[in-house]
Amino acid sequence: MKKILYLLVITGTMSCQPLEELTPQDFTCHESFADSSASHPKATELEQLVDQFVTRGIPGINLAIKTPDGHRWHYAAGKSDIGNDISMLPCHRMFIASVTKVFTATLVFKLQEDGLIDIDDLLGDHLSGDYMNQIKNAKKVTIRQMLNHTSGLYDYLDPLKYELLSINEPYLSMSIAEKLALAYGKAPNHPPGETYAYSNTNFTLLGLLVEQKRGAFVGDLLQDQIFAPLGITSGYFGTVSHPIPDGMTRGYVDFHGNGQLVDSEFYYNNDLATGDGGLAITMGDLAYFLESLHNESVLSAESLAEMKVSFEIPEDWKGFYHQRNGQGFEIYETPYGTGYGHLGSITGFLTVAWYFPDQDASLVYSINGFSPHIGELREEIADQLLKIIFEN
């Protein structure tokens with residue numbers, strides 16, 4: 001989750017007019033798994049709740065829910081593309097931003113399972129590159145500290161730099177090295193291991209670590225080690241030159257806070273193709289991944305247990321039920337139990353991805369809109385859905 005700097009610039013040229021003429025047939029669908037939406041005992045209640053939120057300023061929302069009784073409910077409402085009047089469907093991909101970090105962490109633990117690293121090794125023992133010399137403390141932090149955000153490494157997504165670049169140069173496309181260069185010479189947030197401070201630099205470097213140790217592109221590794229074994233067909237991790245897949249849901253932003261949404265692809269085009277937040281996927285596939293991860297279909301029981309070793313985060317980082325952190329997991333203490341997963345935020349998409357292992361239940365959804373108002377609705381939606389999922 002990155003901090004967004006709201007600047008009211010260049011939006012006069014942006015609108016919800018279509019960037020290109022598209023039809024529903026142009027929006028490819030990749031739903032991998034069957035659900036029981038039609039026969040779900042709470043289908044009507046869930047549908048009515050979601051539909052009324054769309055009337056309150058959300059452009060579109062896509063959901064995958066599993067209730068403790070084993071029923072799966074996939075649903076979508078609103079628009080996937082406002083300018084072309086394309087209705088949102090459950091099989092449409094959504095950008096999940098920082099929820100990608102759970103996938104990157106999974107690839108790191110696979111390195112450990114194969115004996116290529118130990119997560120308590122120093123990053124500098126395994127990763128080379130100019131960024132290791134230029135980012136302060138990069139050679140002094142352990143891989144574990146990066147996984148759980150106690151490394152202290154400066155976050156290259158500093159809103160005073162990165163956000164201004166993305167706003168002032170529409171459709172900017174920076175290389176990974178150029179993004180990391182924004183952290184060069186910057187003072188760390190704190191000494192390694194001292195406390196928690198969220199930093200996207202951690203997972204961008206972890207993505208590069210995986211690539212160096214495997215000698216392969218992280219997108220190909222996701223396909224070979226996670227998507228294909230699980231039967232997931234929608235996962236897309238783009239390159240810098242092609243970060244957005246064809247037939248992709250469009251994201252929108254309300255820069256002025258007046259309810260006027262503009263297409264934000266010009267902005268989030270530069271937020272993709274890195275290990276900290278570059279993945280597009282359907283909500284059904286995302287929910288299935290989190291469930292499979294906990295069922296030990298992806299990692300060993302030992303790796304999963306290590307991912308879930310947790311600590312309480314400082315008060316100034318808490319919020320939206322996020323109370324603890326693991327190694328790749330954010331851990332949420334809700335009124336209905338403990339959820340493992342992550343939140344994701346880029347300027348165009350807001351995602352919630354939680355799995356509740358004690359109840360074998362999931363709450364996964366993504367909104368293709370971004371503003372303070374929509375952010376508040378995201379939390380309100382979670383509270384209302386949790387109540388329906390867990391209360392009889």
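Aromatic pair Y321/Y332: centroids not less than 6.0 angstrom apart. With ring centers used as reference points, F329 lies under 6.0 Å from H294. When ring centroids are compared, W354 and F320 come within the 6.0 Å threshold.
Residues passing the side chain to side chain contact (heavy atoms under 4.5 Å, CB included) test with K186 are Y154, K161, sequence neighbours excluded.
No path of Ile, Leu, Val, Met, Phe, Trp and Tyr side chains, each step under 4.5 Å between heavy atoms, connects L222 with Y236, placing them in separate hydrophobic clusters.
Ion pairing between R144 and E306 holds under the 4.0 Å rule for side-chain N and carboxylate O. Salt bridge K179/D276: absent, no basic N to carboxylate O contact under 4.0 Å. Salt bridge status for R324 with E333: absent, with no side-chain N to carboxylate O gap under 4.0 Å.
For D118 against I143, the heavy-atom pair with the smallest separation is O-CD1, 3.9 Å.
Atom NZ of K42 sits in a crowded spot, with more than 12 heavy atoms from other residues, nucleotides or ligands closer than 6.0 Å.
Each of D271, D155, D158, T274 was compared with N200 under the side-chain hydrogen bond (donor to acceptor under 3.5 Å, both in side chains) criterion, and only D155 meets it.
At a cut-off of 3.5 Å, with distance as the only test, no side-chain donor of T347 or S264 sits close to an acceptor on the other residue.
Both the sub-6.0 Å distance and the 45° axial angle are satisfied by K308 relative to the ring of Y340.
Aromatic ring orientation, H149 versus F203: tilted (interplanar angle from 30° to 60°).
Sorted by first then second residue, the ring pair (Phe, Tyr, Trp, His ring centres under 6.0 Å) pairs that include residues 81-101, not counting sequence neighbours, are F27-H92, F95-Y268, F95-F349.
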